[in-house]
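Here is the structure we will look at.
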Amino acid sequence: MQLQRRHTLKRAQEFAYVRNRGLSCVGRYFVLTTAPIPPTCAAGPAFSRFGIIVTKRVGCAVLRNTMRRRVRELLRAHGESLGKGRYVVILLRQAAAGADFPALREDFSSLLARHAKQEQHAPQTSC
RNA sequence: GUUCGGGUUCGGGUGGUCGCUGCGGCGGGGGCUUGCGCCCUGCGCCGUAGAGGAAAGUCCGGACAUCACAAGGCAACGCGCCUCGCGAAAGCGGGGGGGCGACGGGUCAAUCCCGCCGCAACGGAAAGCGCCACAGAAAACAAACCGCCCGGAUCUCCCGGGUAAGGGUGAAAUGGUGGGGUAAGAGCCCACCGCCCCGAAGGCAACAACGGGGGCACGGCAAGCCCCGCGUGAUGCAAGACAAACAGGGGGAAGGUCGCCUGCCUGCCCACACUCCCCCGGGUACUAGUUGCACCCCGCUCUGCGCGGGGCACGCGAAAGCGUGAGAAAAAUGACCACACAGUCCGAAAGGACGGACAGAAUCCGGCUUACAGAACCCGAACGGCG
RNA sequence: GUCCGGAUCGUCUAGAGGCCUAGGACUCUCGCCUUUCACGCGGGCAACACGGGUUCGAAUCCCGUUCCGGAUG
């Protein structure tokens, strides 16, 4: 799937919305949180929007850039299974520092499966 | 050839598939227009460009911008041997001078001299103030604890005087060695060395061969205050410029006062409400607008960052010349695969495994500092081999 | 991004070149007191972020590094 500028979350309000309202799922390297797109958003739910959080405790700037790019690549390859019309926030944990791409991919796909299961059981949260 | 030290350059390569951001073209969509057409775009395709030597730390210096305009003084801050070169400046480099430290040698010995190597923010301590703990008799300007010598005495012990050679303390103690001299001593006198002053060959200069004079005083710290010389207005692209909408109201300040080059003062200028401050209220398009801002200037122009000319920087090259010129904005420059090339580990070998140093542009440029695997080249030193 | 400031026991701090082998309070710990606990009394452990330089001598002065914090739309 595509991952252009319009597919990214930008404002602090949007990140706070996902953290307050969304369902989260913790893996070895990531914390995945998703929420339905808010009705106040003027844009249609034609696509999902993603935000990646890489804090300073992950490492120096070069390492943070590399990890963020690997997560972007994961989303580009596997992000479609999260469905459309959602806000998605992915937080990199400290253990992810220096993890290579196959390990990240394995953890991410298992996290996606668990997240889909959780989504089925949980009722749709009211906005 | 090996090792060590210093310097310069480079600091991962080639190809493929998929992807991201900027720009351009074509198409799509939207808006305006009767229309030609113009504008916008969070869309698609194609083309093209896309992290560093330190991009880092933010330690210096500039460009640029604003503070209405330019000026002087004080304060504050920075720099500080001489000379040459580069540079806008900061700074960098070459050479030299004196200084300090280690080593070796000279010498009876030394704080002295010579050689060699290394180091440094290296103006001034006889302009002034301050500090120099402990120890020591005494720590900065004069003094004398133990001693030594002379004289006296109530004669081991005390008193007066002379002395600064010896002892001990300290980071630092009133020039050093030898000789003369003396009651004992002392630059008291002499020789050599050192030091200070004057002159001076030489040197662009810092400096200084050498000569004369002086018995010799002037301890250290200025990365303590300070003095001398030179320099600096302040604030920083979140500087600033442009554009939309709206609605203003109330209170206060000072009459030579507010503001002003924003640490202080003077001077000058402007205003006398159109100033400044406070409070209440209103507006805010754009996913925080556009620009500054991504080589620059000029010309042509089919209006396309297209062409031409000139200039700047960098790279390649012997030269002529050729090539290149990131520009994001919750922030692109990536992921994977293959092949060679370095590197580490295991192994006798074949081979196998691991796996790319330090590190990510944010207005730009020049330096400084810090981090750094490895490669190439050059210079110097030591050791060894061959001729 | 730009511009500033700071670092001392586990915590909060004192310190302005020698009195510092760094003081105080809380904490911790040992003992005393008490039938026991608390309070109190006495003792102990425990720090100058790191690396250079100036100086006879540095927590203090200077330079660099590391870490932490603040202001600014």
Legend entry - Minimum heavy-atom distance A:A35-A:G22, with the two atoms named: CB-CA, 3.9 Å

Inset, instruction - Salt-bridge test for A:E73 and A:R76: reply yes if a basic N is under 4.0 Å from a carboxylate O, no otherwise. - result: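 Salt bridge present between A:E73 and A:R76.
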
Legend entry - Residue A:R72, side-chain heavy atoms: nucleotide from B:rG19, B:rC336, B:rC20 that is nearest: B:rC20

Inset, instruction - Taking only the side-chain heavy atoms of A:R49 (C-beta and beyond), determine which of B:rA335, B:rG19, B:rU287 contains the nearest atom. - result: B:rU287

Inset, instruction - For the pair A:M67 and A:R70, evaluate side chain to side chain contact (heavy atoms under 4.5 Å, CB included) and give the outcome as yes or no after the intermediate values. - result: CA-CA 5 Å; A:M67 298 318 289; A:R70 284 179 178 161; 4.1 Å; yes

Please give the distance between the [atom1] atoms of [N] and [M] as a whole number of Å.
N	M	atom1	result
B:rC358	B:rG11	C1'	11 Å
B:rG124	B:rC225	C1'	15 Å
B:rC188	B:rA205	P	41 Å
C:rG5	B:rG229	P	31 Å
B:rA88	B:rG367	C1'	13 Å
B:rU111	B:rG101	C1'	15 Å
B:rG50	B:rG327	C1'	9 Å
B:rU290	B:rA285	C1'	12 Å

Legend entry - Validation row: A:I90, A:L75 side chains within 4.5 angstrom (heavy atoms):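 Heavy-atom side-chain distance check passes, below 4.5 Å.
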
Legend entry - A:T33 vs A:Y87 side-chain heavy atoms within contact, under 4.5 Å: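 The answer is no; the side chains never approach within 4.5 Å.
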
Nearest-angstrom distance from the residue atom [atom1] of [X] to [atom2] of [N]:
X	N	atom1	atom2	value
A:L74	B:rG19	CG	P	17 Å
A:E73	B:rC337	CD	C1'	13 Å
A:L63	B:rA357	CG	P	12 Å

Legend entry - Short side-chain N/O contact to B:rA332 OP1/OP2 from A:R68, under 4.0 Å: yes

Is there a Watson-Crick or G-U wobble partner for [N] with both distances under 3.5 Å, and which nucleotide is it?
N	answer
C:rC67	C:rG6
B:rA222	none
B:rU48	B:rG22
C:rA59	none
B:rG211	B:rC198
B:rC258	none
B:rG101	B:rC117
C:rC41	C:rG31

Legend entry - For A:L91, side chain to side chain contact (heavy atoms under 4.5 Å, CB included) partners two or more places apart: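 Counting only residues at least two positions away or on another chain, A:L91 forms a side chain to side chain contact (heavy atoms under 4.5 Å, CB included) with A:V31, A:I53, A:T55.
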
Legend entry - By side chain to side chain contact (heavy atoms under 4.5 Å, CB included) - contacts of A:A61 (at least two apart): A:R64

Inset, instruction - For A:F101 and for A:A61, locate the closest nucleotide of RNA chain B by heavy-atom distance; then report the residue assigned to the nucleotide nearer the 5' terminus. - result: A:F101

Inset, instruction - On RNA chain B, check which nucleotide each of A:D100 and A:I52 is closest to and give me the residue with the more 5' one. - result: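 With A:D100 and A:I52 compared, the 5'-side residue is A:I52.
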
Inset, instruction - Assign A:R64 to base, sugar-phosphate, or nothing according to its heavy-atom contacts below 4.0 angstrom with the strands shown. - result: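 A:R64: no heavy atom of the nucleic acid under 4.0 Å.
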
Inset, instruction - Determine if the base of B:rG53 is syn or anti; take syn to mean the glycosidic torsion is within 90° of 0. - result: syn

Inset, instruction - Syn or anti for B:rA49, please, going by whether the chi angle lies within 90° of 0. - result: anti

Inset, instruction - Can you sort out the partners of A:R68 under side chain to side chain donor-acceptor pair (under 3.5 Å), two or more places apart, ordered by chain and number? - result: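 With sequence neighbours excluded, A:R68 shows a side chain to side chain donor-acceptor pair (under 3.5 Å) to A:N65, given in chain and number order.
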
Could you list the donor-acceptor pairs under 3.5 angstrom formed between side-chain atoms of residues 101-112 of chain A and any protein atom two or more places apart in sequence or on another chain?
unit_1, atom_1, unit_2, atom_2, d
A:D107, OD1, A:R28, N, 3.2
A:D107, OD2, A:R28, N, 3.4
A:D107, OD2, A:Y29, N, 3.1
A:S109, OG, A:R105, O, 3.1
A:S109, OG, A:E106, O, 2.9
A:S110, OG, A:D107, O, 2.9

Legend entry - Nearest-0.5 Å distance, OG1 of residue A:T34 to CG of residue A:L32: 6.0 Å

Legend entry - Value rounded to 0.5 Å, distance of NE2 in A:H115 from CG in A:L23: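 The CG atom of A:L23 is 6.0 Å from NE2 of A:H115, to the nearest 0.5 Å.
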
Protein-nucleotides 50-57 of chain B N/O pairs under 3.5 Å:
unit_1, atom_1, unit_2, atom_2, d
B:rA51, N1, A:R69, NH2, 3.3

Between the protein and nucleotides 327-330 of chain B, are there any N/O to N/O pairs under 3.5 Å, and if so, what are the atom names and distances?
unit_1, atom_1, unit_2, atom_2, d
B:rA329, OP1, A:R5, NE, 2.7
B:rA329, OP1, A:R5, NH2, 3.2
B:rA330, O2', A:L9, O, 3.0
B:rA330, N9, A:K10, O, 3.1
B:rA330, N7, A:K10, O, 3.1
B:rA330, N6, A:A12, N, 3.2
B:rA330, N3, A:K10, O, 3.4

